[in-house]
K.L.:
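Pasting in a structure now, in structure tokens, and then I'll have a few things to ask.
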Amino acid sequence: MIDTEAHFTELYRATYPELLRFVRRRAHPLLVDDIVGETYLAAWRRRDGLPDDARPWLFGTARHAMANAHRGVNRQIAVAVRIAETDPRQDAPSDPSDRLDLQAAWRSLAVRDQEVLALHVWEDLDDRQASAVLGCSRAAYSMRLSRAKRNLANLISRSNANRAPALIPAAHH
Amino acid sequence: MNDTTLRNRLSALDAAPGGPLTHSELTRRDALLTAVLATADRLPAPVPARPQPRTRVRMFGVVAGASAAGLIAAALVVGPHLLSHGGSETATSGITSVQLSSWTGAPAPLDQNSATGSAAAAWCLSATAAGPGSGSQTLQNADLRGQVASMVVLRGGNASYCMTAGTNDGFWELLTDAGDQPATVAAGDITIESDGSHGDGNTGFDYVEGLSGTDIAAVSIHNGTQTVSATVEDGRWTAWWPNSHPDGNIGGTITLTATDGSSRSMPVSSLIG
């Protein structure tokens with residue numbers, strides 16, 4: 001239980017970087033500060049009931065805030081997960097064509113598949129934490145994650161096949 | 001793709017990778033904390049979000065027009081990458097809004113001798129051939145809802161679900177591969193093996209597939225304003241409907257009708273977990 005400003009400040013400073021990244025991966029850049037602010041405002045008001053591991057609660061609250069900010073119009077796209085246009089790793093050995101396949105595959109994924117993969121890989125949540133963010137059972141989350149991985153692999157294979165060079169050279173006259 | 005490979009590959013796409021907060025971010029962090037602690041207990045409601053960008057108003061107009069054409073009145077959303085350039089919008093699945101709008105709750109068997117049926121079957125067989133497995137392919141649960149066909153393609157222990165309007169594009173996903181533990185279902189029950197949504201707005205659709213026991217004659221889903229009759233064949237049931245759920249979750253009630261005529265209903269969520 002968070003019963004003092006000092007406790008809340010400690011929680012806030014410990015979780016702020018991750019919540020900021022969670023929201024940046026999903027929200028329009030102009031809305032990031034608002035969403036983060038609304039989330040912590042809600043956390044302060046509900047401080048008596050916050051769980052010991054507050055991250056899933058914070059992420060779930062931010063997720064709802066993003067969806068509500070687009071109520072009735074872009075609700076689903078509000079929780080779609082953005083991807084980087086260039087590799088953020090400084091010494092990345094990535095093959096450009098490989099990266100294009102991956103980007104194309106990600107953009108073809110259903111939003112719900114993007115969500116579970118992002119929670120698993122970028123937010124690095126275990127199934128208990130991730131299911132709490134999504135509001136589903138651990139079994140449902142596990143099923144969705146398995147399916148999302150398969151779907152991404154299928155899309156990458158499809159993208160690779162589409163850019164495979166012709167095996168028979170064109171005839172020259 | 002194993003988990004290590006997945007993580008390594010996706011790390012290249014992280015739009016907000018980790019690292020220390022910048023000076024500017026630290027300043028904003030501290031300012032926000034001060035504001036939260038100073039205002040939370042005095043304000044009756046959270047700080048309102050910024051006004052909606054104008055593009056959203058325009059997209060909502062497109063959605064309203066589409067609703068008048070007879071689409072299901074669910075919570076429709078339109079993504080900026082799907083803005084209309086003419087009559088029909090096309091989602092990443094390749095199935096257009098016009099094709100989806102022809103959807104019927106009760107499916108018709110897919111006639112593979114017809115022009116539409118043969119084109120649809122050909123597309124799905126070709127597309128899923130890129131997936132795992134080898135050997136001959138067979139089709140089951142092949143049906144038509146309006147202009148869009150769906151079917152399960154089986155090959156060498158692998159099963160894939162495919163949807164297409166037979167216009168040289170569509171969508172498919174692997175349901176089970178030969179390495180999976182064989183799933184079982186009781187005679188009077190069904191399972192959900194896979195469910196999901198694709199696209200959004202009037203190019204979005206939800207789909208669901210699972211196993212059906214030997215005593216199951218019919219499966220239907222009641223999702224608020226619509227009833228979807230599934231195609232049940234050889235131990236599998238499949239169904240799809242337009243307008244993906246805003247949260248990507250499939251809800252409503254599912255009704256099982258047994259071969260003896262008895263029926264029972266349950267929330268769809270009870271089957272997903």
K.L.:
Using non-hydrogen atoms and a 4.5 Å limit, figure out which bit of B/Leu21 sits close to chain A: side chain, backbone, both or neither.
P.N.:
side chain
K.L.:
Has A/Tyr12 got a side-chain atom pairing as donor or acceptor with B/Arg29's backbone, closer than 3.5 angstrom?
P.N.:
yes
K.L.:
Minimum heavy-atom separation for A/Ala84 and B/Ala12, please, with both atom names.
P.N.:
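Minimum heavy-atom separation between A/Ala84 and B/Ala12: CB-O, 4.4 Å.
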K.L.:
Is the shortest distance from a Lys or Arg side-chain nitrogen in A/Arg24 or B/Glu25 to a carboxylate oxygen in the other one below 4.0 Å?
P.N.:
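Yes, A/Arg24 and B/Glu25 are salt-bridged.
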K.L.:
Answer with side chain, backbone, both or neither: which region of A/Tyr141 has an atom nearer than 4.5 Å to a non-hydrogen atom of chain B?
P.N.:
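Nothing of A/Tyr141, per the 4.5 Å heavy-atom cut-off to chain B.
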K.L.:
Just verifying a value: how many Å separate B/Leu13 CG and A/Leu102 CG, rounded to the nearest 0.5 Å?
P.N.:
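Output value for this atom pair is 4.0 Å.
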K.L.:
Report the C-alpha separation of B/Arg9 and A/Ile156 in whole Å, then their side-chain angles, then the decisive distance to 0.1 Å, and conclude whether the side chain to side chain contact (heavy atoms under 4.5 Å, CB included) test is met.
P.N.:
CA-CA 11 Å; B/Arg9 296 196 72 174; A/Ile156 291 172; 4.0 Å; yes
K.L.:
For the side chain of A/Arg82 and the backbone of B/Ala15, is there at least one donor-acceptor N/O pair under 3.5 Å apart?
P.N.:
no
K.L.:
How close do B/Arg7 and A/Asp124 get, counting heavy atoms only, and between which atoms?
P.N.:
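Nearest pair, atom of B/Arg7 first, then A/Asp124: NH1-OD1, 3.3 Å.
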K.L.:
Report the option among A/Glu5, A/Arg138, A/Gln103, A/His120 that has the most heavy-atom pairs separated by less than 4.5 Å from atoms of chain B.
P.N.:
A/His120
K.L.:
Measuring heavy-atom distances to chain B, does A/Val36 have an atom under 4.5 Å in its side chain, in its backbone, in both, or in neither?
P.N.:
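Interface part for A/Val36: both.
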K.L.:
Rounded to the nearest 0.5 Å, what separates atom NZ in A/Lys149 from atom CG in B/Asp3?
P.N.:
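Separation between the atoms: 4.0 Å.
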K.L.:
Any chance you could measure A/Ile83, atom CD1, to B/Asp14, atom CG, to the nearest 0.5 Å?
P.N.:
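It comes to 11.0 Å.
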K.L.:
Nearest heavy-atom pair of A/Tyr40 and B/Val36: which atoms, and what distance?
P.N.:
O-CG1, 3.8 Å
K.L.:
Got a second to check how far A/Asp33's CG is from B/Leu32's CG, nearest 0.5 Å?
P.N.:
7.5 Å
